[in-house]
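Only one structure is covered here, and it is reproduced in the block below.
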Amino acid sequence: MPTSDQPDNSSSGASKKAHLSKPSLDKDLSKIVSMEEATRSLSQHLMAPGLAVLFLAVAGGFASVLIGAQPNAVFVVVAAILGGYMALNIGANDVANNVGPAVGSKALTMTGALIIAAVFESAGALIAGGDVVSTISKGIIDPSLVSDSQTFVWAMMSALLASALWVNLATCIGAPVSTTHAVVGGVMGAGIAAVGFGAVNWGTMSAIAASWVISPLLGGVIAALFLAFIKNNIIYRDDKIAAARRWVPVLLAIMASAFSCYLLMKGLKQIWKPGIAYITLISVAVFVLAYVILKPMIRKQSEGMENRNQSLRELFHLPLIFSAALLSFAHGANDVANAVGPLAAILHAAQSGDIAAKVQLPIWVMIIGAFGISLGLFLYGPKLIRMVGEKITKMNPMRAYCVALSAAITVIVASALGLPVSSTHIAVGAVFGVGFFREYYTSKSNRRRQYVKKHSRAVLDGMSEDTDDEDDGKDTVYDQEDVARRKLVRRSHFTTIIAAWVITVPAAALLSAGIFIVITLIW
């Protein structure tokens with residue numbers, strides 16, 4: 001037995017073994033943790049496509065059960081799957097325009113934006129989507145020239161698949177594109193492949209091509225004009241709060257009036273079509289009522305606010321939330337037809353054997369479209385929401401207000417003039433307009449320069465990603481030459497988006513024509 005002054009060799013050996021085994025155990029645990037993290041990451045990446053595939057399977061099964069054993073049931077099932085696929089892509093790409101600026105300005109969180117957009121997109125589609133839909137988007141081809149219903153079904157399937165694939169690709173590269181233009185291109189390509197170039201209404205196509213330029217320019221100019229007004233009359237004033245009390249109620253009343261007009265002309269057009277005089281009367285009444293209500297509310301809300309731009313931004317938060325909801329409602333009412341229109345056309349042709357310019361829209365078809373848009377928004381929408389709201393140019397509530405208001409006013413003006421415009425091009429064009437105007441104003445404005453010189457607390461120029469040209473809470477002065485050299489609109493995003501817009505119709509057309517040719521050769 002060991003004495004008290006002799007070392008315990010057995011205890012020492014055990015301690016040594018434990019010491020030697022500890023690094024090995026840490027390595028094993030580290031490997032297990034790394035494997036768990038990799039598995040978790042992989043499962044998260046696979047969850048979205050898995051849910052999307054599940055939805056498409058359910059849509060096909062749903063259609064199969066509802067139409068029963070009919071001779072052409074397989075065509076309807078395939079069309080339901082393609083319609084669901086298009087709806088997913090509309091939600092992933094197109095909906096971002098309605099909520100992106102509000103998210104970028106921090107008026108809405110991403111989760112809040114997704115919930116609001118999903119609820120109001122679905123409500124717009126189901127409540128105001130209408131029960132009759134045009135089989136040929138925008139009337140670009142004459143259905144009477146198609147020889148038989150089977151050819152028409154193949155053409156519509158080709159158009160639906162091609163437009164969905166193109167929007168999917170645009171979403172992957174981060175380019176918000178017009179889903180309406182994608183469907184137009186798909187229908188045109190399939191029509192040319194099926195009948196020939198004579199089937200296309202080239203006058204209508206010319207007007208659609210003109211909208212590529214009209215929509216973003218009009219949206220950008222209107223947004224820039226409102227931002228110029230806000231900067232000159234509120235932001236760069238000595239007493240910002242007094243200026244806000246005077247002008248913010250007017251601006252918000254204009255927004256309320258514009259959105260009431262927009263909702264009557266676009267969001268509810270399938271269930272109620274009031275005349276121009278009636279719409280004008282309602283819009284004026286809404287403006288007056290909103291101004292009367294908002295003036296004391298803004299005064300009360302602004303009491304005790306600091307004389308700085310951060311205070312001004314708080315006054316625009318709630319209106320931006322309402323604008324996101326109303327834009328989503330109107331979008332759901334209008335653009336759900338891009339997903340379910342060709343599907344309804346295929347359903348009618350497969351069941352009746354004839355081709356009609358307009359067909360009834362079964363409720364189950366609308367449900368596939370509405371649910372697909374919402375699901376696509378939740379699964380893939382955040383990428384495009386961040387692109388529109390954060391990555392093109394920096395947003396704050398005042399700039400987001402200009403974008404939202406421009407979207408409504410531009411659609412109203414274009415509809416009154418009979419101009420075909422894209423809501424996507426308008427909204428993104430308004431974002432571009434705000435960004436390019438900021439570049440011009442920051443480097444050229446005498447009012448801003450005088451404001452900086454007058455106040456001891458300098459105004460930041462806002463040219464980097466982490467600063468804000470309208471934040472007067474910093475004590476930094478920037479050289480004007482340095483200001484002039486910097487850019488507030490990311491040129492890489494600008495060129496990518498413009499290129500995607502330009503090639504959407506021809507790309508979808510070529511893809512659709514190729515799919516139609518392959519289908520007819522195989523079948």
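Worth knowing before you read on, the calculation uses all heavy atoms, side chains too, and leaves out hydrogens, waters and symmetry mates. Nothing fancy with the numbering, it's 1 onward along the sequence.
- With rounding to the nearest 0.5 Å, the separation of CZ in Phe437 from SG in Cys402 is 9.0 Å.
- Distance check, rounded to the nearest 0.5 Å: CD1 of Ile222 to CG of Leu227 gives 14.0 Å.
- Side-chain atoms of Ser178 and Trp501 form no donor-acceptor pair, as typed in the model, at a separation below 3.5 Å.
- In this structure, the separation between CE on Met387 and CD1 on Ile392 is 6.5 Å, given to the nearest 0.5 Å.
- Ile373 has its side chain out of reach of Ser122: every pair of non-hydrogen atoms, C-beta onward, lies at least 4.5 Å apart.
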Step-by-step side chain to side chain contact (heavy atoms under 4.5 Å, CB included) determination, Phe316 to Leu252: CA-CA 8 Å; Phe316 287 87; Leu252 298 187; 4.2 Å; yes
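- A donor-acceptor contact shorter than 3.5 Å is absent between the side chain of Ser512 and the backbone of Ala508.
- A distance-only check finds no donor-acceptor pair linking the side chain of Asn98 to the backbone of Ala324 [under 3.5 Å].
- At distances below 3.5 Å, not a single donor-acceptor pair connects side-chain atoms of Glu390 with backbone N or O atoms of Gly104.
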Please determine whether side chain to side chain contact (heavy atoms under 4.5 Å, CB included) holds for the pair Val336 and His331, giving the CA-CA distance in whole Å, both sets of side-chain angles, and the decisive distance to 0.1 Å. CA-CA 8 Å; Val336 69; His331 180 269; over 6 Å; no
What's the verdict on side chain to side chain contact (heavy atoms under 4.5 Å, CB included) for Ser328 and Val99, showing C-alpha distance, side-chain angles and the deciding distance? CA-CA 8 Å; Ser328 297; Val99 298; 4.0 Å; yes
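- Judged by distance alone, the side chain of Ser260 and the main-chain N or O of Ser257 form a donor-acceptor pair under 3.5 Å.
- There is a side-chain donor-acceptor pair under 3.5 Å between Arg438 and Thr393.
- Atom-to-atom distance recorded for Phe55:CZ and Leu88:CG is 5.0 Å, nearest 0.5 angstrom.
- What you find for Leu294 and Ala253 is that their closest heavy atoms are CD1-N, 4.0 Å.
- For the residue pair Asn93/Thr171, the side-chain donor-acceptor check at 3.5 Å is satisfied.
- A donor-acceptor pair is defined here as one N or O able to donate and one able to accept, closer than 3.5 Å; such a pair exists between the side chain of Ser163 and the backbone of Ala159.
- A side-chain donor from one of Trp212 and His181 sits under 3.5 Å from a side-chain acceptor of the other.
- Under a 3.5 Å cut-off, the side chain of Trp202 and the backbone N or O of Phe197 do form a donor-acceptor pair.
- In this structure, His425 and Ser211 approach most closely via the heavy-atom pair ND1-O, 4.2 Å.
- Taking each heavy atom of Leu384 and Pro176 in turn, the nearest pair found is CD1-N, 3.5 Å.
- Salt bridge Lys106/Glu314: absent, no basic N to carboxylate O contact under 4.0 Å.
- Residues Ile426 and Ser422 have side chains not in contact (no heavy-atom distance under 4.5 Å, counting atoms from C-beta outward).
- In plain terms, the two heavy atoms of Ile409 and Ala258 that are nearest each other are CG1-CB, 4.0 Å.
- Residues Ala190 and Ala155 approach most closely at CB-O, 3.3 Å, considering heavy atoms.
- Around the OH atom of Tyr278, the shell of radius 6.0 Å holds no more than 12 heavy atoms that belong to other residues, nucleotides or ligands.
- Side-chain contact check for Thr180 versus Ile208: every heavy-atom pair is 4.5 Å or farther apart.
- Open room surrounds CZ on Phe322; 12 or fewer heavy atoms of other groups in view lie less than 6.0 Å from it.
- Here CG of Leu375 is found 12.5 Å from CD1 of Ile368. Values are rounded to the nearest 0.5 Å.
- In this structure the side chain of Thr280 never reaches within 4.5 angstrom of the side chain of Ser283, judged on heavy atoms.
- Taking the side chain as every heavy atom from C-beta outward, Glu121 and Asp335 never approach each other to under 4.5 Å.
- With contacts defined as side-chain heavy-atom distances shorter than 4.5 Å, the pair Met255/Phe259 qualifies.
- With Leu108 as the partner, the side chain to side chain contact (heavy atoms under 4.5 Å, CB included) test is satisfied by one option alone out of Ile116, Leu114, Ile115: Ile116.
- Nearest approach of Ala92 to Tyr380, heavy atoms of both residues: CB-CB, 3.5 Å.
- Residue Ile346 holds its CD1 atom at 8.0 Å from CZ of Phe152, rounded to the nearest 0.5 Å.
- Side-chain contact check for Arg399 versus Ser105: every heavy-atom pair is 4.5 Å or farther apart.
- Checking side-chain atoms of Ser406 against main-chain N and O of Val403 turns up no donor-acceptor pair under 3.5 Å.
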Quick one: do Phe494 and Phe436 satisfy ring pair (Phe, Tyr, Trp, His ring centres under 6.0 Å)? Show the steps, please. CA-CA 11 Å; Phe494 176 75; Phe436 285 123; 5.4 Å; yes
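- Tyr85 and Asn168 are linked by a side-chain donor-acceptor pair at a separation below 3.5 angstrom, with hydrogens and angles left out of the test.
- Between the side chain of Ser302 and the backbone N or O of Arg299 there is at least one donor-acceptor pair closer than 3.5 Å.
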Applying side chain to side chain contact (heavy atoms under 4.5 Å, CB included), run through Met398 and Ile235 and close with a yes or a no. CA-CA 10 Å; Met398 289 168 281; Ile235 292 173; 3.9 Å; yes
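- The closest side-chain heavy-atom distance from Leu347 to Ile67 is below 4.5 Å.
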